[in-house]
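As a basis for the values below, the full set of heavy atoms in this structure was taken, side chains included, without hydrogen atoms, waters or symmetry mates. All figures in this text were calculated on a predicted structure; none of them were measured in a lab. One is the number of the first residue; the rest follow in order along the sequence.
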Amino acid sequence: SRPVSTFYFLALSFCSLIFSSCSKEDVAPKEGLITQDLKNISLNTGFTDQVIPIKADRWAVSYVKDALTGELLKDSMGNALKLESAGTVKMDAGWLTLEKTASNELQLSLQENFSERPRNFVIGIQSSDKQDEMSFSQSRGDEYELIKKEIEEIEGSSKIYVSSEGCSS
């Protein structure tokens with residue numbers, strides 16, 4: 001009984017040593033490219049050309065996805081939003097624009113959200129040895145007020161009835 005328990009102890013120790021010494025060098029750590037105060041952003045307004053500092057010389061926007069469903073957001077050509085070199089990419093729905101400037105900065109433009117439903121999305125940043133994410137939650141502004149409403153009739157969508165009933169001359 002004593003030799004069997006010693007064998008199990010040695011076998012368990014050896015297995016735990018092997019599993020704990022495994023390294024995951026191919027998976028980049030999720031930290032270090034974006035300052036902590038920009039990782040989770042909640043807002044109720046839009047903005048234009050907001051610069052997000054990236055702490056790397058060579059980096060790319062590797063994905064933009066819906067934070068709730070995980071679905072990759074797409075550009076007007078139906079391709080997943082990515083940005084590797086200097087240039088601009090705009091989301092198909094038009095409310096998000098990303099630009100990698102010639103001076104290696106990330107600029108974001110985000111249109112107002114007039115919907116009752118918040119926009120929740122995540123931007124993934126990848127460098128050669130690191131990866132990081134920024135999460136955004138954009139709600140509709142609290143103080144919005146409808147000041148002009150324009151209603152147009154869709155031609156052919158209504159019927160006109162002519163009757164002399166109830167008319168007196």
Side-chain angles (χ1 to χ4, degrees), residues 19-158:
F19 289 125
S20 66
S21 65
C22 292
S23 67
K24 296 184 178 182
E25 293 177 17
D26 58 333
V27 178
K30 283 196 174 189
E31 59 183 47
L33 294 174
I34 303 160
T35 60
Q36 194 64 35
D37 60 326
L38 294 175
K39 288 190 181 239
N40 294 300
I41 299 173
S42 295
L43 43 96
N44 60 2
T45 186
F47 53 78
T48 303
D49 298 331
Q50 182 69 42
V51 174
I52 306 290
I54 308 294
K55 295 190 240 176
D57 291 331
R58 302 187 77 186
W59 57 270
V61 173
S62 55
Y63 59 86
V64 181
K65 64 183 178 180
D66 184 295
L68 302 177
T69 65
E71 178 183 352
L72 293 175
L73 302 181
K74 304 202 182 318
D75 63 14
S76 59
M77 302 295 286
N79 301 318
L81 286 178
K82 288 184 179 183
L83 195 55
E84 295 176 358
S85 57
T88 303
V89 65
K90 187 172 186 173
M91 193 183 130
D92 183 35
W95 50 262
L96 177 63
T97 304
L98 305 167
E99 180 182 359
K100 185 173 184 178
T101 66
S103 57
N104 204 34
E105 295 177 324
L106 175 60
Q107 284 188 353
L108 299 178
S109 294
L110 184 61
Q111 291 182 354
E112 294 283 341
N113 183 9
F114 294 109
S115 170
E116 300 254 344
R117 194 171 136 216
R119 292 178 184 146
N120 296 297
F121 61 98
V122 177
I123 298 175
I125 307 293
Q126 181 81 41
S127 74
S128 60
D129 60 344
K130 296 178 185 173
Q131 66 181 16
D132 216 334
E133 288 185 338
M134 292 181 293
S135 296
F136 290 83
S137 180
Q138 183 193 29
S139 302
R140 185 172 83 170
D142 294 334
E143 302 298 320
Y144 285 136
E145 180 181 330
L146 186 62
I147 56 172
K148 181 179 178 185
K149 187 172 185 178
E150 198 171 300
I151 300 173
E152 289 184 25
E153 178 183 352
I154 300 172
E155 200 169 312
S157 65
S158 60

Looking at [atom1] of [X] and [atom2] of [Y], how far apart are the two atoms once the value is rounded to the nearest 0.5 Å?
X	Y	atom1	atom2	answer
Trp59	Glu84	CH2	CD	11.0 Å
Ser62	Leu81	OG	CG	11.5 Å
Glu105	Asp49	CD	CG	11.0 Å
Leu33	Ile52	CG	CD1	13.0 Å
Lys90	Met77	NZ	CE	15.5 Å
Leu106	Ile54	CG	CD1	5.0 Å

inquiry  = Regarding Lys39 and Asp132, does a basic nitrogen lie under 4.0 Å from an acidic carboxylate oxygen?
reply    = yes
Looking only at heavy atoms, which two atoms of [X] and [Y] are closest? And how far apart?
X	Y	value
Arg58	Ser127	O-CB, 3.4 Å
Thr48	Ser109	CA-OG, 3.6 Å
Glu112	Thr45	OE2-OG1, 3.1 Å
Asn113	Arg119	ND2-N, 3.5 Å

task = Decide if atom CD of Glu71 counts as having more than 12 heavy atoms of other residues, nucleotides or ligands within a radius under 6.0 Å.
result = no
key: Asp37, CG atom: more than 12 neighbouring heavy atoms under 6.0 Å   =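 Enclosed.
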Student check: side-chain heavy atoms of [X] and [Y] closer than 4.5 Å:
X	Y	answer
Leu38	Gln50	no
Glu133	Lys65	yes
Ile123	Leu98	yes
Leu72	Val64	no
Leu108	Thr97	no
Leu110	Gln138	yes
Asp75	Met91	no

request  = Check whether any side-chain N or O of Asn104 sits under 3.5 Å from a backbone N or O of Asp57 as a donor-acceptor pair, and report yes or no.
outcome  =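 Yes, because the side chain of Asn104 sits within donor-acceptor range (under 3.5 Å) of the backbone of Asp57.
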ask   = What orientation do Phe121 and Phe136 show, parallel under 30°, tilted 30 to 60°, or perpendicular over 60°?
value = parallel
Chi angles and distances behind the side-chain contact (heavy atoms from CB on, under 4.5 Å) call for Gln107, Thr101 = CA-CA 7 Å; Gln107 284 188 353; Thr101 66; 3.9 Å; yes
